[in-house]
2 protein chains.
Amino acid sequence: MARTTGSDGGRTEAAVREAAVSLIARQGYEAMSMRQLAAEVGVQAAALYRYFPTKEELLFTIMREHMEGLGEAWQKARPAGPDPRERLSAYVRNHIAFHIKRRHATHVSNMELRSLSPDRLTQILRMRTAYEKELRAILRDGAEAGVFSIEDTGLTAMALIQMMTGVIVWFRPGERLSVAEVTATYLSMTMRLVGATTHTGEERDVHEHAQLRS
Amino acid sequence: MARTTGSDGGRTEAAVREAAVSLIARQGYEAMSMRQLAAEVGVQAAALYRYFPTKEELLFTIMREHMEGLGEAWQKARPAGPDPRERLSAYVRNHIAFHIKRRHATHVSNMELRSLSPDRLTQILRMRTAYEKELRAILRDGAEAGVFSIEDTGLTAMALIQMMTGVIVWFRPGERLSVAEVTATYLSMTMRLVGATTHTGEERDVHEHAQLRS
DNA sequence: GAATTAATTGAACGTTTGTTTTATTATGGC
DNA sequence: GCCATAATAAAACAAACGTTCAATTAATTC
């Protein structure tokens with residue numbers, strides 16, 4: 001009927017966040033009811049409104065923090081040097097690692113954009129654009145330096161991001177491939193796709209790799 | 001209060017289908033109400049149930065016909081010859097053309113799978129798997145023939161499909177690039193990604209293209 | 001032109017939705 | 001041990017949901 005023994009605002013809010021990410025990722029934002037979310041947390045629906053004023057605000061919070069996390073992860077992973085190949089390599093590694101680790105939140109951030117109000121949508125898209133801009137800059141620098149061979153920077157950036165983010169659709173930890181194997185293969189596919197020169201040689205050629213699997 | 005002048009079952013059903021594809025693509029299946037759909041068609045909600053017994057059956061019909069259409073389009077576009085490069089090229093061309101032409105239906109088929117009942121989901125996934133299997137076969141044949149250089153066939157197939165299907169996320173007809181330009185660029189990115197040998201030469205090398213845009 | 005069938009309306013059904021309000025209890029500081 | 005406040009329950013709200021039903025009219029058949 002009222003406050004329960006051992007209740008703690010901080011813990012409850014964290015539990016709500018986690019449960020919401022999982023539920024929205026699996027069923028979709030519209031399909032998840034506040035009562036269902038509350039039940040998952042082990043609380044009454046009304047209690048949720050102590051932490052999030054509306055359902056949409058909850059969705060927005062999840063998305064904003066995911067995008068912020070992605071940006072911060074890249075800031076930490078970004079190499080100091082100017083070599084476009086190293087920078088691209090770091091970008092791919094970071095992107096795949098982050099998206100596999102935060103699979104559910106990524107799903108939410110990519111699939112539920114249409115449930116945001118226009119101004120909140122704009123905020124999230126702005127963050128996404130800033131992140132993608134980093135990749136375009138790397139591709140442009142590499143093309144100008146002659147280490148990449150790229151027809152259209154914007155189009156290549158989109159293709160790479162779709163390809164890398166797509167990992168979360170089929171990748172399941174503990175199945176056929178490890179994160180390291182997937183990352184290695186995606187890295188070599190990326191380097192070929194942008195026509196990267198090898199580090200040592202002078203001629204433009206593809207990265208050659210042993211045929212590991214068929 | 002009853003049948004309206006000029007009403008025709010065939011026309012109404014088609015109108016419902018089209019309006020549903022557009023509405024679901026823009027707002028999502030759960031967010032679209034039957035009343036809203038009916039209003040878009042210019043009819044009362046009850047009239048919809050003459051053509052589709054439930055909301056989910058409507059969704060399933062849209063998805064099934066989209067997947068059937070994709071399969072049929074590929075059967076028509078598939079080349080007779082055995083050359084893996086030609087077959088891959090045809091696959092890419094067909095995939096991009098079909099997905100750009102049926103952008104909304106593709107969106108629905110990719111995003112609303114979780115709203116299907118388990119057995120309907122299985123049916124759709126079976127169709128999708130069959131279509132993707134064709135790509136894997138091309139890649140495997142190419143790798144065995146030595147015209148492609150591929151680390152992992154399954155992983156490469158998924159990467160390519162994610163990359164190509166991603167076109168519908170950002171492509172808008174009449175903007176910077178034409179369908180032909182986009183297709184050409186994606187074709188060359190694909191050929192590099194699989195390490196395709198050039199048609200004429202003997203050496204393994206990347207397709208070289210003039211730098212059209214930055 | 002009567003009989004039949006096809007197409008649709010309008011009203012209603014019971015549920016469920018997001019959210020608000022009010023009351024009640026546990027906790028932490030003094 | 002009291003007091004303020006943080007955390008929750010329980011009940012209620014109006015609105016919207018998918019769907020059903022009976023009535024009604026247009027088109028078709030003969």
Side-chain angles (χ1 to χ4, degrees), chain A residues 1-24 26-63 108 112 114-118 120-121, chain B residues 1-24 26-63 108 112 114-117 120:
Chain A
M1 331 195 164
R3 179 166 194 172
T4 55
T5 62
S7 63
D8 173 4
R11 257 207 310 277
T12 304
E13 177 167 357
V16 170
R17 269 183 160 80
E18 285 174 38
V21 168
S22 170
L23 276 177
I24 297 176
R26 281 180 295 161
Q27 323 187 341
Y29 169 77
E30 298 279 355
M32 177 200 75
S33 78
M34 295 300 266
R35 284 171 180 83
Q36 186 186 11
L37 172 58
E40 195 87 358
V41 177
V43 102
Q44 287 294 320
L48 303 175
Y49 289 83
R50 192 145 253 281
Y51 307 99
F52 301 97
T54 63
K55 190 185 177 187
E56 197 205 319
E57 188 73 40
L58 168 59
L59 175 64
F60 178 65
T61 301
I62 289 171
M63 288 187 171
V108 173
E112 306 295 348
R114 59 190 167 200
S115 297
L116 291 176
S117 69
R120 293 212 178 96
L121 174 61
Chain B
M1 328 201 168
R3 180 166 193 171
T4 53
T5 61
S7 61
D8 174 3
R11 256 207 311 277
T12 303
E13 177 168 356
V16 170
R17 268 183 160 80
E18 284 174 38
V21 168
S22 169
L23 276 177
I24 297 176
R26 280 180 296 161
Q27 321 187 343
Y29 170 75
E30 298 279 356
M32 177 199 77
S33 77
M34 294 301 266
R35 285 172 179 83
Q36 185 187 11
L37 172 57
E40 195 85 357
V41 178
V43 100
Q44 288 293 320
L48 303 175
Y49 289 83
R50 188 148 254 280
Y51 307 100
F52 301 96
T54 63
K55 191 185 177 188
E56 198 205 318
E57 188 73 41
L58 168 59
L59 175 64
F60 178 65
T61 301
I62 289 171
M63 287 186 171
V108 173
E112 306 294 348
R114 60 189 168 201
S115 296
L116 290 177
S117 68
R120 293 211 177 97

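Just so it is clear, the values below take in all heavy atoms, side chains as well, and ignore hydrogens, waters and symmetry mates. Residue numbering restarts at 1 for every chain, and letters A, B, ... go by the order of the sequence lines.
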Exercise. A:E40 and A:A19: which non-hydrogen atoms are nearest, and at how many Å?
Worked result: CG-CB, 4.0 Å

Problem set entry | For the student: nearest non-hydrogen atoms of A:M32 and A:Q36, plus distance | CA-OE1, 3.7 Å

For [X] and [N], give me the distance from atom [atom1] to atom [atom2], rounded to whole Å.
X     : N      : atom1 : atom2 : answer
B:E13 : C:dA7  : CD    : P     : 10 Å
A:Q44 : C:dG18 : CD    : C1'   : 15 Å
A:F52 : D:dT8  : CZ    : P     : 13 Å
A:L23 : C:dT17 : CG    : P     : 13 Å
B:L37 : C:dT8  : CG    : P     : 13 Å
A:Q36 : C:dT16 : CD    : C1'   : 12 Å
B:Y49 : C:dG10 : OH    : P     : 17 Å
A:L59 : C:dG18 : CG    : C1'   : 14 Å

For this session: Using the side-chain contact (heavy atoms from CB on, under 4.5 Å) rule, take A:M34 and A:Y49 through it: C-alpha gap first, then chi angles, then the decisive distance, then the call.
Result: CA-CA 10 Å; A:M34 295 300 266; A:Y49 289 83; 3.6 Å; yes

Exercise. Of A:R35 and A:V43, whose nearest nucleotide on DNA chain D comes first from the 5' end?
Worked result: A:V43

Problem set entry | Nearest-nucleotide comparison on DNA chain D, the residue closer to the 5′ end among B:E30 and A:R50 | A:R50

Exercise. Step by step, would you call B:Q27 with A:E30 a side-chain contact (heavy atoms from CB on, under 4.5 Å)?
Worked result: CA-CA 10 Å; B:Q27 321 187 343; A:E30 298 279 355; over 6 Å; no

For this session: Indicate whether OP1 or OP2 belonging to C:dT8 is found under 4.0 Å from a side-chain N or O atom of B:T12.
Result: yes

Exercise. Any side-chain N or O of A:Y29 under 4.0 Å from OP1/OP2 of C:dG18?
Worked result: no

When you measure from the side chain of [X], which nucleotide among [options] comes out closest?
X     : options               : value
A:K55 : D:dT8, D:dT19, C:dT19 : C:dT19
B:A46 : C:dA11, D:dC17, D:dA9 : C:dA11
A:S33 : D:dA9, D:dT19, C:dT17 : C:dT17

For this session: Verify salt bridge (charged side-chain N to carboxylate O under 4.0 Å, His left out) between B:K55 and B:E112, making sure each step is shown before the conclusion.
Result: CA-CA 13 Å; B:K55 191 185 177 188; B:E112 306 294 348; over 6 Å; no

For this session: Compute the angle between the rotation axes at the two ends of the helix from C:dG1-D:dC30 to C:dC30-D:dG1, each taken over five pairs, rounded to 10 degrees.
Result: 20°

For this session: Start with the C-alpha gap between A:E57 and A:R120, add the side-chain angles, then the distance that decides, and say whether side-chain contact (heavy atoms from CB on, under 4.5 Å) holds.
Result: CA-CA 9 Å; A:E57 188 73 40; A:R120 293 212 178 96; 2.7 Å; yes

Exercise. Are A:L48 and A:L58 close enough that some pair of their side-chain heavy atoms sits under 4.5 Å apart?
Worked result: no

